[in-house]
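Structure record follows, encoded as structure tokens.
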Amino acid sequence: PTVYVPRDFVHRSSRMRLQQVVVVTALLVTITVDRCHAHAAGGKRARETTTELHVCPTRGSDRGDGTALLPFATLTRARDAARSHQDDSGRTPVSRIRITLHGGVHRVDTPLRLDHRDSHVEWVAAHGEDALISGGVPIPPSAVTPRPGFPNQFQCNVTMLGLADLGSINATIVGATALHPELFIDQQAQTLARWPNIAANGSWQWAYTGGCIGTASASNCTEPGVDGFLWQVAANSSVGVPPAVSHKWADEVAPFLHGYWTVDWSDKHVALSGVDAERGGLLIGNANAALLTKASLGARYYAFNLLTELDAAGEYYLTRSGANAGMLYFQPADGVWPPTGGSGAYVSSAESLITLQNASNIAFADISFEHARGTAITGTDIRGVVFSNVTVANCGVGAISLQGFDNVVQDSSIFGVGGMGVEVSGGLHRSLTRGNNLVANNEIHHYARWFRTYHPAIMWSGVGNVYRNNHIHDAPHNAILGGGNEAPCGNPNPYPKPENPVIEAVCGGNDMLFENNLIEHTNFECDDSGSFYTCGQQGTAFINRGNVLRNNTFRKIRMQSHTNLGYPSVQAIYLDDQMAGWQILDNVIEDAQMGLMVGGGRDTVVSGNRFIGCDVAIHVDNRGMTGERPDCVGADMGNLVAVMAVPTWAKYGLSAQHPCIPENNTVTNNCWSDCIHFFDQSAPSGTTMAEQEATMAKWFSSGSGNHMCV
């Protein structure tokens, strides 16, 4: 998948980093010094001194002493030198240790691992210098030659450049991570050769299934004996005749398909086991027959990892086996080599760049992180870790994933990752201990390259964390996702049977604040989804409380892809499957297919919001009284009763009265302009405002004071 980032964006980010470096570094020092004071042994004030170590990839040596004149060459050598200034507990006798990264590429083959011994350390770029921590193997211009017989294409042997592990798509993309090499040129992720191609404007083109191959009938792909499916080109598509018909893919080694196979809100990768050129079809094998549940309805997909389809600007192919193993073939976006953008070309190699475990009071500022095959930065059981004014880009899975307390991701740029942008969780659910994590003032865009659904810009869970002032844009699915059953938890069954107490775990979401975020052009590839999405399945609907979504702006939240498996409707704000207890206040929703959906939940306040140019502004329903009643009377109510017995939860004023009825919702003082419908909660008698409000009253809820915007 390709990320289309305007080339001047990279340069704007670079200039911004240089302008902000003094301010951000000053802020960073203040944060770190205060925390050092707070954790100083015996509560005594730490001495106001600094130990500074230097790392320079171009002129450093690990035999040096780490001074500016004799800097170290590697990050691990600097880390080990910093440890010599601390005791085994990680306490430091000085106020702070600063490790300064000088300009250039700081390569890591394995992640820099930090733990309790590395606390109270700042990692910062030297003033006015661009420091890049890269997990990639650089491709020098001299290693590349023209590919014979293919104009504007080039080739090189990456194993000769030091790339020992060529990865395996078969074992990775289909699973949870994408640990295979990718090609990046001038900070742009290149596209693994595919059919149909990505259009010139950056939009994805698709092929569609058209019946089954095997002993099953062509109209029912759920029967036993399904081996694959027939091609179908949509009437509004310009992708042309399927190449399989002409035997073009006969010799492909490991082709794959990526598609929305059963619903248009969930994607999956699957190996292509063969081609039936005679009948014009693809074979995926009986093991994947479940993917074809609705194939006859026209599931959309594309094929990738195809050398014979390397025919478009920005595409590449890596040979992983045979006599040509290690040969990389590619066609640069402008057909020119070497690249002219100044950032060079890399093939990702390292699985990750930074891992933190049981660490505290560590800060990173003004540094770029790129070219990890997996997630660039991960932290578990950490406290007081700060990422400020960093760029994290062009990684196979995610950018930053942190779990713990008092952690910060701020003033940073994140783009071009294969999955989610920032995942920050922390806090304890049963005791309602606050995580006090902060995600603020970041720009996160063009993410979810490989994993198109449920990999948001921001993933959240826990208690008492804040997500504010972020600009999120250009993504196929969610912008902000978490809480409820979407929240990552350390226990596979965090919500036990009703007779058992709710466990102490980082899961669900309580007392969260989302404010002043700007979200634009998301969910353009999926139906039945939310730009801001939280879901109450698996017994979580009634026990995520105290959450506030206020003063955010949503723009252009519409599905734009052709769909055969559903209907093209997405929500700017989506409280799904009886999710309850939210305050939705003073948000602005512009140009959305639906502004807000309250999907059967209770105790939600919707007030002061502005809906402009939406098909439907607000939808409220009573699904707990109908199709989702089994969930409601089971785990949902059971867990609600369980937390009502926990003293720390008394502040929510919870009630188990009127089970499964969406009671105590209030929809007041909202306004709409240029919307087709304002208030549509599926009232059976009609669509007038009075009828909608009368139906809510039957549910022990209310609606009043809603009006046209002035």
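Note that the structure is a prediction, hence the values are computed from the model and not measured.
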So, for [X] and [Y], which heavy atoms are closest and what is the spacing to 0.1 Å?
| X | Y | answer |
| --- | --- | --- |
| D615 | I676 | O-CB, 3.1 Å |
| L513 | R550 | CD1-NE, 3.6 Å |
| P476 | C526 | O-SG, 3.5 Å |
| S266 | T453 | CA-OG1, 3.7 Å |
| A299 | W261 | CB-O, 3.5 Å |
| T540 | N485 | OG1-N, 3.3 Å |

Distance check, rounded to the nearest 0.5 Å: [X] atom [atom1] versus [Y] atom [atom2]?
| X | Y | atom1 | atom2 | value |
| --- | --- | --- | --- | --- |
| I573 | L549 | CD1 | CG | 5.0 Å |
| E590 | S673 | CD | OG | 10.0 Å |
| E515 | N469 | CD | CG | 7.0 Å |
| C660 | M625 | SG | CE | 9.0 Å |
| D603 | N664 | CG | CG | 4.5 Å |
| C632 | D577 | SG | CG | 12.0 Å |

Side-chain heavy atoms of [X] within contact of [Y], under 4.5 Å:
| X | Y | answer |
| --- | --- | --- |
| E525 | W206 | yes |
| M597 | H619 | yes |
| W649 | I543 | yes |
| Y447 | I414 | no |
| R602 | Q657 | no |
| N523 | Q571 | no |
| F679 | I618 | yes |
| F542 | Q578 | yes |

Do [X] and [Y] have their ring centres less than 6.0 Å from each other?
| X | Y | result |
| --- | --- | --- |
| H445 | H473 | yes |
| W265 | Y533 | no |
| H446 | F415 | no |
| F532 | F514 | yes |

Could you tell me whether the side chain of [X] and the main chain of [Y] form a donor-acceptor pair under 3.5 Å?
| X | Y | answer |
| --- | --- | --- |
| T604 | A580 | no |
| N544 | G536 | no |
| N670 | N609 | yes |
| N465 | V424 | no |
| N665 | P662 | yes |
| N639 | G539 | yes |
| N622 | W699 | no |
| S412 | Q410 | yes |
| N407 | N437 | no |
| R623 | E628 | no |

Starting from the C-alpha separation in whole Å, work towards a yes-or-no answer on side-chain contact (heavy atoms from CB on, under 4.5 Å) for I458 and I444. CA-CA 9 Å; I458 296 175; I444 308 173; 4.0 Å; yes
Please evaluate residues D474 and K556 with respect to the criterion salt bridge (Lys or Arg N to Asp or Glu O under 4.0 Å), reporting the C-alpha separation (whole Å), side-chain torsions for both, the decisive distance (0.1 Å), and the verdict. CA-CA 10 Å; D474 293 289; K556 199 175 181 182; over 6 Å; no
Does the distance from a Lys or Arg side-chain N to an Asp or Glu carboxylate O, for [X] and [Y], drop under 4.0 Å?
| X | Y | value |
| --- | --- | --- |
| K651 | D511 | yes |
| D406 | R383 | yes |
| R300 | D267 | no |

Does N706 form a side-chain contact (heavy atoms from CB on, under 4.5 Å) with V667? I'd like the steps, not just the answer. CA-CA 8 Å; N706 302 293; V667 180; 4.0 Å; yes
Could you check whether the rings of W672 and F678 sit parallel, tilted or perpendicular, using 30° and 60° as the cut-offs? parallel
After noting the C-alpha distance and the side-chain angles of Y574 and M594, does the key distance pass the side-chain contact (heavy atoms from CB on, under 4.5 Å) rule? CA-CA 9 Å; Y574 196 169; M594 182 173 289; over 6 Å; no
Do the side-chain sulfurs (SG) of C675 and C614 come closer than 2.5 Å? no
N552: which of N587, D586, N470 passes side-chain hydrogen bond (donor to acceptor under 3.5 Å, both in side chains): N587
Determine, stepwise, if the pair R558 / D591 fulfils side-chain contact (heavy atoms from CB on, under 4.5 Å). CA-CA 8 Å; R558 292 181 176 273; D591 190 18; 2.5 Å; yes
